[in-house]
Number of protein chains: 2
Amino acid sequence: MRKRTKATSIDIAHRAGVSQATVSRVLRGSPLVNAETRRRVEEAVRALNYKVDRHASSLRTQRSGTLALLLFEEPTPDHAHINPFFLSILGSVTRACARHGQDLLVSFQQLSDDWHADYEDSMKADGLILLGYGDYRLYRDKLDALVAQGTRFVRWGAVQPDQPGISIGCDNAHGGRLVGEHLAALGRRRVAFLGSASRGYPEFLDRYRGCEAALQVAGLALDPALQVDADSSEEAGYTAAMALVERGQPFDAVFAASDLIAIGAIRALAEKGLRVPEDVAVVGFDDIPTARFTNPSLTTVVQDTARAGELLVETLLKLVKGEAAESVTLPAQLVVRRSSGAAAG
Amino acid sequence: MRKRTKATSIDIAHRAGVSQATVSRVLRGSPLVNAETRRRVEEAVRALNYKVDRHASSLRTQRSGTLALLLFEEPTPDHAHINPFFLSILGSVTRACARHGQDLLVSFQQLSDDWHADYEDSMKADGLILLGYGDYRLYRDKLDALVAQGTRFVRWGAVQPDQPGISIGCDNAHGGRLVGEHLAALGRRRVAFLGSASRGYPEFLDRYRGCEAALQVAGLALDPALQVDADSSEEAGYTAAMALVERGQPFDAVFAASDLIAIGAIRALAEKGLRVPEDVAVVGFDDIPTARFTNPSLTTVVQDTARAGELLVETLLKLVKGEAAESVTLPAQLVVRRSSGAAAG
DNA sequence: CTGAAAGCGCTTACAG
DNA sequence: CTGAAAGCGCTTACAG
């Protein structure tokens, strides 16, 4: 392999007949530089295919121009099995980073790992984006540690009044309400909930409570006997739905806390001889790409992932610059497809 | 927000009562250092929560300790829609990077973007991992440019004799053969192929040819009239299957070039009143997580993504160190589920 | 508008 | 085994 000889700003300076400092000014876009000087430098930069050395620049400025995204995947040790919903946020985060001229370091972590004291101290990144489901109670202490260290971070997740740091999240309660209203309007009376509706999973809990509130308005209840814990995977959805059927309690609708859970549940219901949506209406949450192609297609709640990624990056960059920033709750929206039995495609 | 004051190696040196050079030796694991000295330094490092500044270190050593993964997503401009198969490689790559003490920069690119001359010159990364489907012919020129520049990179994709650089790929031809044999053994006579089987998509083409070869052994043909182009998405699979049915040519099996295509195809077939697997057997490729939960569950070909990620990283690190490295083809394996109509779960 | 110079925080030959 | 010193390639006050 050919040895690479990188051009430095000194090479550019020689070629353009200016000082190295001037080269640096041009590359940083300083307004001081004479137009003709600028032109000569830019010409030399092109000719030598010069790129500013990121490390030298960062060392000098004490800014890395890099954000780190940590993706937690607590329950499942199976790498293949990352929730596509997070993937779609990851996609929009990479795009937002590109727009803002930031590089993105990505790392998958266990919630239990020692991630809370690394990236920023080693200057690898100016700030952290935290993403992932997992028991919030495990999480909480680490967030407190981040705040105590002064680490700049933004988290995707439920916006709660007492939480450490800043979150960007979806209006899960409203999403749940939409589902409850939809099922009630379709005449479903006994709605089951598949997902861990506890304080450890605030997003799921909010979805649960939102649905419950809507059902109450319709004179219905979300019977705790029809709730089964599940983390966000097809596997867990399948197991939970099997358990639900075996409880023997009648139900005519399933609100799955995520699309993956819904997909597993549909499979389990089919195996138990229950028809979706005739016998059981099924509604998910997230609107992952596959939701349109399940059989039957899945009624679900869309979260605006494009906006989410943009907001995560923008908010974090504000913190990095020392500006004020605040948590944001994004709206949720119902998408009606065939699995809930409404008259829709 | 509290102002962060980072400890430097000088702070550690003071506290441990040694020179800054010795601190550096301890942190780089130099064998020269006295055990007691080492202990004192380590103690100071812990006490001050010191982390080596990555940029200073990289500037000095001219090594960034970072790899960059570029993910191409040519045909679909929809960020939400990254092939889960690549996601699973991404997952195993991040893990492999962690094991090798490398950071990973991730960027989603259009095949047409200007990615071929950036990461390495700016020292952001020591090497590149290239991932993604897309027209290989568009790709080819850029790969040549990378080689000419001396950029170190490894590509996930078909291993071909004349290609620039190094690839890690799956034995697509063998995978295709397994599918052909499976369908022939089940008595299917008219096998359709959904996917772009052209020189621009060497993976798909290899799958096509492998299947064709196996069918020929069984005295059957892969009728070109039953081939419909599709890139790797549910959408494309749906559209392609619709087009196939409308051609009016009889067929009793579909080999979809990827699981996403298969999922879209199953949906289309159902809408056209064709039963899977009774009327049409469907087989995919990739074994994405959802494949076990489609309705019916999907017979497909597994690629070893865990090994793939490990090999991509290991091979790239060899190149970075200036060692010899070579392309590798990984084995493919058939997973029989219900969509092909065999007697399996 | 431009140049000379200091310094960001490390690593590593060199000398002892 | 350890320290003093040079230098990686930039950025930015400072002086002109």
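As the structure is a prediction and not an experimental result, all values here were calculated from the model. Naming: A, B, ... by sequence-line order, numbering from 1 per chain.
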query = Just to confirm, is there a sub-4.0 Å distance from OP1 or OP2 of C:dG3 to any side-chain nitrogen or oxygen of A:T22?
reply = yes

ask   = Does A:Y50 have a side-chain nitrogen or oxygen under 4.0 Å from the phosphate oxygens OP1 or OP2 of D:dG9?
value = no

request  = Kindly say if A:S9 contacts the phosphate of D:dC10, meaning a side-chain N or O under 4.0 Å from OP1 or OP2.
outcome  = yes

message = Taking only side-chain N and O atoms of B:R28, does any of them lie within less than 4.0 angstrom of OP1 or OP2 on C:dT12?
response = yes

remark   = Note: for A:H55 and B:Q20 on DNA chain D, the residue whose nearest nucleotide lies more 5' is B:Q20

message = Looking at B:T61, I'd like to know whether one of its side-chain N or O atoms comes within less than 4.0 Å of OP1 or OP2 on C:dT12.
response = no

inquiry  = OP1 or OP2 of C:dT11 versus the side-chain N and O atoms of B:S57: is any pair under 4.0 Å?
reply    = yes

B:F86 and B:L71, any side-chain heavy atoms less than 4.5 Å apart = yes

task = Determine: side-chain N/O of A:S19 to OP1/OP2 of C:dA4, distance under 4.0 Å, yes or no.
result = no

ask   = Quick one: is C:dG7 close enough that its OP1 or OP2 comes under 4.0 Å of any side-chain N or O from A:Q62?
value = no

Side chains of B:D103 and B:L67 in contact at under 4.5 Å (non-hydrogen atoms) = no

inquiry  = Once hydrogens and angles are ignored, does a donor-acceptor distance under 3.5 Å link the base of D:dG3 to the side chain of B:R25?
reply    = yes

query = Do A:R54 side-chain and D:dG9 base share a donor-acceptor contact under 3.5 Å?
reply = no

ask   = Got a sec: does the CD of A:E36 have more than 12 other heavy atoms crowding it under 6.0 Å?
value = yes

